[in-house]
Amino acid sequence: VQLQASGGGLVQPGGSLRLSCAASGRTFSSYVMGWFRQAPGKEREFVTAVSRTVSSTYYADSVKGRFSISRDNAKNTVYLQMNSTKPEDTALYYCAARAGGISFDQRTFPFWGQGTQVTVSS
């Protein structure tokens with residue numbers, strides 16, 4: 001599966017942004033989808049993941065209550081709604097896909113998008 005992330009940009013603290021990740025192929029619904037991010041000088045970290053049937057979602061503590069992941073299997077797209085953004089949310093955001101069960105470990109995701117930059121600043 002090939003992934004294409006988009007929607008990044010500059011947002012003021014407290015603002016909102018929605019990222020999208022479009023997937024190629026006809027088997028999108030068979031993949032667990034996740035979002036990860038990498039801030040300057042830091043390692044890439046888990047942000048959120050959604051199960052294949054949207055029955056389960058998982059969030060890093062740092063974004064819980066502010067970010068929301070969703071997916072539209074008919075459109076082969078996963079979304080990351082970012083609300084109440086903070087300067088520490090500034091990072092390159094990646095979407096990723098894996099077959100099998102849910103995982104928070106980026107090493108278990110074989111498919112990655114190219115990343116989209118999010119900058120939270122006034």
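We use all heavy atoms of the structure for the numbers below, so side chains are in, but hydrogens, waters and symmetry mates are not.
Partners of Phe104 by ring pair (Phe, Tyr, Trp, His ring centres under 6.0 Å), not counting sequence neighbours, listed by chain and number: Phe46, Tyr58.
Thr108 and Arg98 are linked by a side-chain donor-acceptor pair at a separation below 3.5 angstrom, with hydrogens and angles left out of the test.
When all heavy atoms of Ser16 and Asn83 are compared, the pair lying nearest together is OG-OD1, 2.9 Å. Heavy-atom minimum distance, Cys21 versus Met33: SG-CE, 4.4 Å. Closest of all the heavy-atom pairs between Val47 and Val63 is O-CG2, 3.7 Å. Residues Ser68 and Tyr59 approach most closely at CA-OH, 3.3 Å, considering heavy atoms. The heavy-atom pair separating Ala99 from Tyr31 by the smallest distance is N-CD2, 3.7 Å. Between Ser84 and Arg66, the shortest heavy-atom distance links the atoms O-NH1, 3.0 Å.
Enclosure of atom NZ in Lys64 by more than 12 non-hydrogen atoms of other residues, nucleotides or ligands within 6.0 angstrom is indicated.
Both Val50 and Phe111 are assigned to one and the same hydrophobic cluster, defined by single-linkage of ILVMFWY side chains at heavy-atom distances under 4.5 Å. The hydrophobic clustering, which links ILVMFWY residues whose side-chain heavy atoms are closer than 4.5 Å, places Trp35 and Val120 together. Using a 4.5 Å cut-off between side-chain heavy atoms of Ile, Leu, Val, Met, Phe, Trp and Tyr, with links allowed through other members, Val118 and Phe67 fall into the same hydrophobic cluster.
With rounding to the nearest 0.5 angstrom, the CZ atom of Arg37 is 8.0 Å from the CD atom of Glu88. For the atom pair CD of Glu45 and CD of Gln38, the computed distance is 9.5 Å after rounding to the nearest 0.5 Å. Between the CG atom in Asn73 and the CZ atom in Phe28 there is a gap of 5.5 Å [rounded to 0.5 Å].
Taking the charged nitrogens against the carboxylate oxygens, Asp89 and Lys86 have no contact shorter than 4.0 Å, which rules out a salt bridge.
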Query - Residue pair Arg71, Thr77: steps toward the side chain to side chain contact (heavy atoms under 4.5 Å, CB included) verdict - result: CA-CA 6 Å; Arg71 66 189 295 165; Thr77 303; over 6 Å; no
Query raised in the report: Checking side chain to side chain contact (heavy atoms under 4.5 Å, CB included) for the pair Thr90/Gln117: CA distance, chi angles, key distance, verdict?
Result: CA-CA 8 Å; Thr90 295; Gln117 178 67 40; 4.1 Å; yes
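Checked by atom type and distance alone, the side chain of Gln114 never pairs as donor or acceptor with a backbone atom of Gln4 at under 3.5 Å. The backbone N or O of Leu10 sits nowhere less than 3.5 Å from a side-chain atom of Thr119 that would complete a donor-acceptor pair. Thr85 places a side-chain N or O within donor-acceptor distance of the main-chain N or O of Gln12, the cut-off being under 3.5 Å. Here the side chain of Ser24 pairs a donor or acceptor atom with the backbone of Gln2 at under 3.5 angstrom.
For the side chain to side chain contact (heavy atoms under 4.5 Å, CB included) with Thr116, the qualifying choice from Leu17, Leu19, Leu80, Leu92 is Leu19, the only one to do so. Of the listed residues (Tyr93, Tyr94, Trp112), just one forms a ring-ring contact (aromatic ring centres under 6.0 Å, His included) with Phe36, and that residue is Trp112.
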